[in-house]
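Comments concern the structure below.
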Amino acid sequence: MTLLVDVVIVNWNAGVHLHNCLRSIARADQSLLRVGEVVVVDNASSDGSAHDLQVPGLPLRVVRNPDNRGFAAACNQGAARCRSDFVLFLNPDTELYPDTLRITGEFLRTPGAQRFGIVGARMVDEHGRPRISVSRFPSPRTYVGGMTGLDRVAPALFPPHHLRPQDLPRSGPVDQVIGAFFLVRRPLFNELNGFDEGYFLYLEEVDFALRARRLGWPSYHLADARVYHAEAISSAQLGPWRHYLLLCSRTRYMLRHWSRPQAWSLAGLSLSVEPVARLVGAALRGQPLNVRATLAVQWAFLRWLRHGRPTGPPPHSSIPARQIAEPRPVHPAPTRRRSA
């Protein structure tokens, strides 16, 4: 019996990439994994990328939000309109290879696949060269290394968050697959109540994968299934606001999954050591020093920490405040383990 998967794509000013993504789905071999429906959730794009999306032979539904609800909330919004046994969250800046769905369907039929709740593919660039596809669950050393640049100097002591392509040349269990191609079993998605909508952008899939692991559903990297990933087409438009959202998501993740002393210690480093390290790194690389924007981001993040509610974007953000919703304050929730 052919397995069914619904595809959810969250779009925000992805330009022509969204159209190319949809066409790649229509061209894909669906003999072993058939697409039941494609739901595009558009988060108030202003570039016209969500217009004229109909692709012959593609069962497509478009949901248009009047405001940018954030990535996690829009993913949940799209998944609520799906009914297949699997849900594939696909970035609009990706394109499937003709055999991507067939290879994924082959794997899902194997006995070994039954114990995995999340499946990811190998990301490649326009020349077919591997890109980052897999990440570790963050630890305090991971974030200290990323904040200070020590992950580049001493990666053995401060392992980077993302695994290099050469670190995982073949298929196998992993901590977390990146969210550009994030296939989830529908019962697991329902059990976890979807993505945590307190993450506006970044780390929502890391949080989801960790909660799934705690329920007994690990993730699997399927190296033979290739997906072209242009990377950061939408988020690159955020300017300094991008780092603010990362700081909020990172702190939310730490407060939900680490001890309070660890989380607040790292939040303190985010406000003190990290901005200095970022400016020094930019200077060493010969990049322009945007001190005013860096300070604005740190001030907005501090207000988010102090008041437990979002504030406005940094003054020098390239995106007006009305186009971006704010991250929500932290409210940790326990997770239950799946019984054996």
Practice item. Before giving the answer on salt bridge (Lys or Arg N to Asp or Glu O under 4.0 Å), spell out for Arg252 and Asp196 the whole-Å C-alpha distance, their side-chain angles and the decisive distance to 0.1 Å. Key: CA-CA 10 Å; Arg252 181 178 185 84; Asp196 177 359; 3.0 Å; yes
Practice item. Assess the side chains of Gln77 and Arg69: does a donor N or O sit below 3.5 Å from an acceptor N or O? Key: yes
Check your understanding: Atom CG in Leu22, atom CG in Leu58: separation rounded to 0.5 Å?
Key -> 6.0 Å
Review point. Below 4.5 Å, heavy atoms only, C-beta onward: do Cys82 and Arg186 meet side chain to side chain?
Key: yes
Point to revise | Result of checking Leu88, Val7, Leu90 against Val38 for side chain to side chain contact (heavy atoms under 4.5 Å, CB included) | key: Val7
Check your understanding: Is a side-chain N or O of Asp6 found less than 3.5 angstrom from the main chain of Glu37, in a donor-acceptor match?
Key -> yes
Check your understanding: Do you know which of Phe158, Trp258, Phe137 makes ring-ring contact (aromatic ring centres under 6.0 Å, His included) with Tyr143?
Key -> Trp258
Exercise for review: To the nearest 0.5 angstrom, please state how far the OH atom of Tyr244 sits from the CD atom of Gln298.
Suggested key: 11.5 Å
Study note, to complete from the structure: Taken to the nearest 0.5 Å, the spacing of Tyr220 OH from Leu108 CG works out to 11.0 Å
Point to revise | Between His257 and Asp207: side-chain donor-acceptor atoms closer than 3.5 Å | key: yes
Point to revise | Close aromatic pair by centroid cut-off 6.0 Å: Tyr202 and Phe71 | key: no
Review point. Are there more than 12 heavy atoms of other residues, nucleotides or ligands under 6.0 Å from atom CZ of Arg152?
Key: no
Practice item. Check His221 against Leu168 and note the closest heavy-atom contact, atom names and distance. Key: CD2-CD2, 3.2 Å
Check your understanding: Do Ser270 and Arg250 get their side chains close enough for a donor-acceptor pair, meaning under 3.5 Å?
Key -> yes
Review point. If you take all heavy atoms of Thr294 and Pro275, which pair is closest and at what distance?
Key: CG2-CB, 4.0 Å
Check your understanding: Taking it one step at a time, do Leu271 and Phe301 satisfy side chain to side chain contact (heavy atoms under 4.5 Å, CB included)?
Key -> CA-CA 8 Å; Leu271 286 164; Phe301 174 57; 3.6 Å; yes
Practice item. Give a yes-or-no answer on whether the side chains of Asn11 and Ser49 include a donor-acceptor pair shorter than 3.5 Å. Key: yes
**Study point:** Between CZ on residue Arg61 and CG on residue Leu53, distance to nearest 0.5 Å
**Key:** 14.5 Å
Review point. With distance as the sole criterion, is a donor-acceptor pair present between the side chains of Tyr228 and Asp125 under 3.5 Å?
Key: no
Review point. Do Ile132 and Met123 come close enough that some side-chain heavy atom pair is under 4.5 Å?
Key: no
Check your understanding: What is the distance from atom CD1 of Ile178 to atom OG of Ser133, rounded to the nearest 0.5 Å?
Key -> 5.5 Å
Exercise for review: Calculate, to the nearest 0.5 Å, the distance between atoms CG and CD belonging to Leu101 and Glu106 respectively.
Suggested key: 11.5 Å
Practice item. Output, in order, the C-alpha distance, side-chain angles, deciding distance and verdict of side chain to side chain contact (heavy atoms under 4.5 Å, CB included) for Leu279 and Val291. Key: CA-CA 7 Å; Leu279 290 172; Val291 177; 4.2 Å; yes
Check your understanding: How about His161 and Ser135: do any of their side-chain heavy atoms sit closer than 4.5 Å?
Key -> yes
Practice item. Answer with yes or no whether the side chains of His229 and Thr94 bring together a donor and an acceptor at under 3.5 Å. Key: no
Review point. Is it true that Phe86 and Val35 fall in one hydrophobic cluster, defined by side-chain heavy atoms closer than 4.5 Å?
Key: yes
Practice item. For salt bridge (Lys or Arg N to Asp or Glu O under 4.0 Å), just list the numbers for Asp175 and Arg213, CA-CA rounded to whole Å, side-chain angles, deciding distance to a tenth of an Å, and then say yes or no. Key: CA-CA 8 Å; Asp175 281 356; Arg213 171 71 66 88; 3.7 Å; yes
Practice item. Check whether any side-chain heavy atom of Leu203 sits under 4.5 Å from a side-chain heavy atom of Leu210, and report yes or no. Key: no
Review point. Is the backbone of Leu201 close enough, under 3.5 Å, to the side chain of Ser249 for a donor and an acceptor to pair up by distance?
Key: yes
Review point. With a 3.5 Å cut-off and no angle check, do the side chains of Gln262 and Ser265 form a donor-acceptor pair?
Key: no
Point to revise | Validation row, ring centre Phe189 to ring centre Phe89 under 6.0 Å | key: yes
